[in-house]
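Every chain is numbered from 1, with letters handed out A, B, ... down the list of sequences.
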Amino acid sequence: MSRRRHPLPWAIGSLALFVLLAASLLTGRLALAAALAGLGGVVAILAVTLFRRHQGGPQRLSPFQRFYLWFVGIAVLGPFIPLVIASFAFRWNWPDLLPSVWWWTARTTARTPRGWDYVFSPISRVLESTANTVIIALIVTLVCIVVSLPAARVIARENFRGKSLIEFFLLTPLIVPEIAVGLGILITFIQIGLAGSYLGIVIVHLIPTIPYMVRVLTSVFQGLSRDYEEQAQVLGAGPLRTLWHVTLPMILPGILAGGLFAFLVSSNIFLLTFFIGRGRIETLPTLLFSEVSGGRLDPEGAGIALIVTIPGIILLIMTERFIKEEVFAKGFGG
Amino acid sequence: MTELEIDSLVKRFDDVIAVGGVSLTVKAGSLVALLGPSGCGKTTTLRMIAGLEQPTAGDIRFNGESVLPLQPEKRNIGMVFQRYVLFPHMNVAGNVGFGLRMRRLPKAEIAERVREVLEIVQLDGFERRFPSQLSGGQQQRVAIARTVITNPRVMLMDEPLSNLDAKLREEMRAFITDLQKRLQITTLFVTHDQVEAIELADQIGVMFDGNLVQFGTPEEIFNRPRTSRIADFMGATNLIVGTLERKGDGESVLTTSVQKLRVGHAPPHPVGSEVVATVRPEHIDLFPAAAGGDCAENCFSAAIEEAVYYGGTVSYQVRSGDFSLQIKDRSTRRFARGEGVIVRLNPENLWVFPEVGGEREAV
């Protein structure tokens, strides 16, 4: 993998995101906008990180490179600005450039908590939803790793009949529309009593996360020579101890990258959570959707939208130093 | 000490026979080399002994007891891989102590043994280094230390020196033989380098196409190869085709396209059969054309086609009629390209085999 991968693809990706974001903001689809903004943030941090690594030291950037950097920065962070302003606004009507009434001036006169007061008050259920989101995402990530590890190992190392079919099959959750899958699952889950349970949600969240995880881990296993495991075995380690002492430590960066994907995907799923949770289990995406489904960009919705982006960003910053860019790139392109 | 016995071992991958019935015995405490070109099945044989491949047929015994039912981790063998495969996430002490940790020895004892073994491989003080901070030779020694620390019954080495540069390889050869003799570990190692095999091994098994074609001491293999292909592989790269004309005690004569050649021993083939004689490049004598009168037998004149100086030896390609011979000359005298010379083939150094590239036995 070349060290000098150009940041152009990232810039183009960010531009596409920016256009989508602007469109969704204009059409009032705040849930989508918030999710995209979150994804955009991830892309921005990645792009900047990659860029820094490409330079390999303090080096003067060419005008082109500086242009790209600024472009990516603006494209990604720009759309956050109206969201931040909206979260502090009390009244912000078109065509005003800035809100006519700010939240903190209206705060004293309002009868119910507004804006950030509302977001942080128990009525908003933000805390409960955040806890739900994080706990579900963590469990999904762990289960996903456990399920995907053996699958990825076999796909990477063995040749068997129907291998390409299985690989294709693993990608289908990314191709088939969620709503089609979700409806069928909902009917089944109602019958067997899994609808509205945490278990049910974890199971449906595994559907879109496993393909990512398997892809990332497959490429990781392809890069890990079998010799290491054989050497451990010859030195007296049984299969489990080989896994624990040799395989897992060596593929940890890949597991972290895949885990980050799984966590982000899981914490951003709306439709499946909405179907299977049946309103009993609220996560940040479903909460945000119920808040803004009316189509108004009120300060409460904007506040929650900003909160939604936080877990992913925190996680990314926590894991950034472990992750090799190659592993990430392979997760997308194979 | 353990005696390793391989009995008609066969390994088939789908339609390909990788190992076709190999039998050999590595005596307790001795060092045997499996020598052969790449793809001859020597590594597969090694992996079957380690338990990393299941044999299709045959048996592997340690001191007469079959190890086939045992998983690799239960066989108590040591294996040094070609690329060392040190665990990159462990430091030297972690790598070397790995086998003992897997045997659940107390920590203090492991630390003590690691120190001892690192001293043996002359890497004391390197405990905290990571593999990426070591040179190739040091990594190699860590890999060996990691293997010998568990006191393996049998040590297996897969081309252990092929990743080192020439000077280091010399050092490591001496180091490995020394260590093996000192620790008296029954060792089987695989190589494609005949010099390495000759220098290291007590006995050599030559493998071609999945079969063991000759097994013996380095002297036997080097001086009395059973087929022309083994002779060729052992460096006797000059092949001379001819007809056996006369047979007798030390009096056999070969008719070739250039002239009659006397060969030093009687081949078992009937008079009149097509044979091929091989001779090592360093066993051919070369004289200036003017000295031709002194040479009594097996001499013919030839012209130098190519001369390459290798420091200490000069490699010549000479031609005389159909003969094209490679000669390594250690003398200080130099011949120029195109110069006429007298070539002498010592009857004692001519080895006669049935036919070119033939696998049938000779002598």
Q: Please report the shortest heavy-atom distance between A:R241 and B:R101, naming the atom on each side.
A: NH2-O, 3.5 Å
Q. More than 12 heavy atoms of other residues, nucleotides or ligands under 6.0 Å from CZ of B:F13: is that the case?
A. yes
Q: May I ask you to decide if the ring planes of A:H245 and B:F98 are parallel, tilted or perpendicular, using 30° and 60° as cut-offs?
A: perpendicular
Q. At their closest point, which heavy atom of A:A237 faces which heavy atom of B:E73, and how far apart are they?
A. O-CB, 3.6 Å
Q. Among B:Q82, B:M90, B:K74, B:R47, which residue forms the greatest number of heavy-atom pairs with chain A at distances under 4.5 Å?
A. B:R47
Q. For B:I149, is it the side chain, the backbone, both, or neither that has a heavy atom closer than 4.5 Å to a heavy atom of chain A?
A. neither
Q) Is A:F64 atom CZ crowded by more than 12 heavy atoms from other residues, nucleotides or ligands, each under 6.0 Å away? A) no
Q | B:E65, CD atom: more than 12 neighbouring heavy atoms under 6.0 Å | A | no
(Q) With heavy-atom distances below 4.5 Å as the criterion, would you say the side chains of B:P72 and A:E230 are in contact? (A) no
Q. In Å and rounded to the nearest 0.5 Å, what is the CD to CE distance from A:Q233 to B:M102?
A. 12.5 Å
Q: Kindly give the heavy-atom pair with the smallest separation between A:D227 and B:R83, and that separation in Å.
A: OD2-NH2, 3.7 Å
(Q) To the closest 0.5 Å, what do you measure between CD (A:Q231) and OG1 (B:T147)? (A) 5.5 Å
Q: Determine the minimum heavy-atom distance between B:G78 and A:V234, stating which atoms define it.
A: C-CG1, 4.2 Å
Q. Which heavy atom of A:Y228 sits nearest a heavy atom of B:F87, and at what distance?
A. O-CE2, 3.5 Å
Q.
Can you confirm whether more than 12 heavy atoms, excluding those of A:L240, are under 6.0 Å from its CG atom?
A. no
Q: Could you tell me which non-hydrogen atom of B:R103 sits nearest to which non-hydrogen atom of A:G236, and how far apart they are?
A: NH1-CA, 4.3 Å
